[in-house]
Amino acid sequence: MADSPSVRDLFARPLRDLRVSVTDRCNFRCRYCMPREVFGPGFEFMRTVDLLTIDEIVEVVEAAARLGVQKVRLTGGEPLLRRDITLLVGRLRRIGSLDLAMTTNGVGLTRHAAALAEAGLSRLTVSLDSLDDERFRLMSDTRAGVADVLDGIAAAERAGFTSLKINAVIRADHPDSDILDLADYFRGTGHVLRFIEYMDVGSTNGWRADQVKNADHIAGLIGRHHPLRSLEPNYPGEVARRYQYRDGAGEIGIISSVSKPFCTDCTRARLAADGKLYTCLFATEGTDLRALLRGTRAPGDLERALGGRWRRRDDEYSQTRQDETLPTSSRRIEMSYIGG
Ligand code: SAM
Ligand code: SF4
Ligand code: SF4
């Protein structure tokens, strides 16, 4: 896609990607994201009236596209829980030549994959942490099983999504044999398996540095079984380090947000389901675009608010994470709210 003029932040990083969280609800309770002790029956999720409507989301994305955004990823919570999700995809599809992607836990795909393809979704990422039912349930804390996610992946393939990304969050207690099983399963399928280091997002998952299995370990482990060669990023700001199997069986990615942060190339903004705009996954404060959308405003106000916020951006959390002299924020925003 041709580079469009883009607003730049204080470190000259352009605004290229927008992640849109369409709901803070989820049918899983992944231990690292929405632990049941916190997100239990008494938890107050956003009220429907507080969620941005489709028209409002489209308006924000249009303004973002004028400021240089080329990629939009729908996420959550679980995006397939939002009833009007296919309609939203169809409306966003009409905005220029956007690369339009979605991240999902996959179980809703048997129902929705064909309609999403029809509506014009460009790409799908499916999260699957393990092929072992016991470990999968341990991590996702759901009644769904591995077979439900694999059925969803099969439905996506039938709907014409040929190259999926498969996201697997890896914690230190994840057995190496499990990581290799995932690699073996997806080799040769055309799908790109991406291992994600366990991150300290939010404040409910009780993250500790010693729970991270780092990217070098994962790359070394897989490389010993299936020799790998490093690949160049597809584009500046790509979050995953890319590797190709030397025998031609495809590609994997490793997202090393903790051990090798990539803030210098970070071009992502996030829109929470209630219309707050965040310029970093680890932000504590958002800019309320919903108040603007629902109030009296002049033409161009939304674009000015978005562009103005991006121009003031100086986020580089992951790069300063190790610096213990910096103050740590007490209450970070949860991943299910801000959009993963
Ligand atoms: N529910 C959808 C899903 O799970 O694919 C979309 C939202 S989820 C928040 C987006 C991605 O964030 C998933 O791939 C998930 O595994 C990842 N994620 C959530 N919490 C994480 C954490 N603490 N560290 C690393 N990745 C995390
Ligand atoms: Fe739900 Fe995705 Fe978070 Fe798991 S990672 S609890 S599927 S939002
Ligand atoms: Fe981007 Fe913030 Fe993550 Fe750094 S920590 S890569 S600035 S989202």
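Counting starts at 1 for both ligands and their atoms, following the listed order. As the structure is a computational prediction, the values presented were derived from the model and not from experiment.
A side chain to side chain contact (heavy atoms under 4.5 Å, CB included) with R82 holds for exactly one of L87, L51, L74; it is L51.
Close contacts between ligand 1 and T75 involve ligand atoms 6 (C), 7 (C) [criterion: under 4.0 Å to a heavy atom]. Residue-ligand proximity, C30 to ligand 2, at heavy-atom distances under 4.0 Å covers atoms 4 (Fe), 5 (S), 6 (S), 7 (S). Residue F262 has at least one heavy-atom neighbour below 4.0 Å for each of these atoms of ligand 3: 6 (S). Counting the atoms of ligand 1 from 1 in the order shown, those under 4.0 Å from a heavy atom of N205 are 23 (N). Each of the atoms 5 (S) of ligand 3 lies under 4.0 Å from some heavy atom of F282. Close contacts of ligand 1 with N167, meaning ligand atoms under 4.0 Å from a residue heavy atom, involve 14 (O). The contact set between ligand 3 and Y317, taken as ligand atoms under 4.0 Å from a residue heavy atom, comprises 5 (S). For ligand 3, the atoms sitting less than 4.0 Å from at least one non-hydrogen atom of S318 are 5 (S), numbered in the order shown with element in parentheses. The distance from ligand 2 to the heavy atoms of N105 drops below 4.0 Å at these ligand atoms: 7 (S). Short contacts between ligand 1 and N105, defined as distances under 4.0 Å to a heavy atom of the residue, involve ligand atoms 2 (C), 3 (C), 5 (O). Using a 4.0 Å cut-off to heavy atoms of E78, the atoms of ligand 1 that qualify are 1 (N), 2 (C). Proximity to G77 (heavy-atom distance under 4.0 Å) selects the following atoms of ligand 1: 1 (N), 2 (C), 6 (C), 7 (C). Atoms of ligand 1 found under 4.0 Å from any heavy atom of I196 (numbered from 1 in listed order, with element): 25 (C), 26 (N).
Not a single heavy atom of S21 sits less than 4.0 Å from an atom of ligand 1. Distances shorter than 4.0 angstrom occur between a heavy atom of G77 and an atom of ligand 2. At least one heavy atom of G76 sits less than 4.0 Å from an atom of ligand 1.
Using a distance-only test at 3.5 Å, with no hydrogens or angles considered, no donor-acceptor pair links the side chain of R123 to the main chain of K165. The backbone N or O of A101 sits nowhere less than 3.5 Å from a side-chain atom of S122 that would complete a donor-acceptor pair.
Proximity annotation for atom 1 (Fe) of ligand 3: of P261, A269, C266, C266 comes nearest, heavy atoms only. The closest non-hydrogen atom to atom 11 (C) of ligand 1, taken over N27, T103, V169, D24, comes from T103.
The single protein non-hydrogen atom nearest to atom 7 (S) of ligand 2 is C26 SG, 3.5 Å, given as residue, atom name and distance. With hydrogens left out, the protein atom closest to atom 24 (N) of ligand 1 is M199 N, 2.9 Å, a heavy atom. The nearest protein atom to atom 3 (Fe) of ligand 2, hydrogens excluded, is given as C33 SG, 2.4 Å; this is a heavy-atom distance. Nearest protein heavy-atom neighbour of atom 13 (C) of ligand 1: S127 OG, 3.3 Å. At the top of the distance list for atom 10 (C) of ligand 1, counting protein heavy atoms only, stands G340 CA, 3.7 Å. In terms of protein heavy atoms, atom 19 (C) of ligand 1 is closest to M335 CE, 3.4 Å.
Side-chain contact between M335 and Y32 is absent, with no heavy-atom pair separated by less than 4.5 Å. Looking only at side-chain heavy atoms (C-beta outward), D176 and K213 come within less than 4.5 Å of each other.
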I'd like a table of donor-acceptor pairs (distance under 3.5 Å, sequence neighbours excluded) in which one partner is a side-chain atom from residues 145-158, with atom names and distances.
unit_1: D148; atom_1: OD2; unit_2: G145; atom_2: N; d: 2.7
unit_1: E157; atom_1: OE2; unit_2: H191; atom_2: NE2; d: 2.6

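Salt-bridge check for K260 with D216: passed, with a basic side-chain N closer than 4.0 Å to an acidic carboxylate O. Under a 4.0 Å N-O distance rule, the pair E59/R297 qualifies as a salt bridge. A salt bridge between R313 and D9 is present, with a side-chain N of the basic residue lying under 4.0 Å from a carboxylate O of the acidic one. Between E56 and R294 a salt bridge is recorded (basic side-chain N to carboxylate O distance below 4.0 Å). Using a 4.0 Å cut-off between charged side-chain N and carboxylate O, E251 and R194 make no salt bridge. Here R290 does not pair with D274 in a salt bridge; the nearest charged N to carboxylate O distance is not below 4.0 Å.
Among the atoms of C280, an N, O or S atom falls under 2.8 Å of atom 2 (Fe) of ligand 3.
Linking ILVMFWY side-chain heavy atoms closer than 4.5 Å, directly or via other members, places L164 and V192 in two distinct hydrophobic clusters.
Geometrically, R187 engages Y245 in a cation-pi contact defined by less than 6.0 Å to the ring centre and at most 45° from the axis.
Under 3.5 Å, the side chains of S336 and R25 contain no donor-acceptor pair of N or O atoms.
Taking only nitrogen or oxygen atoms, main chain and side chain alike, Y32 reaches within less than 3.5 Å of ligand 1.
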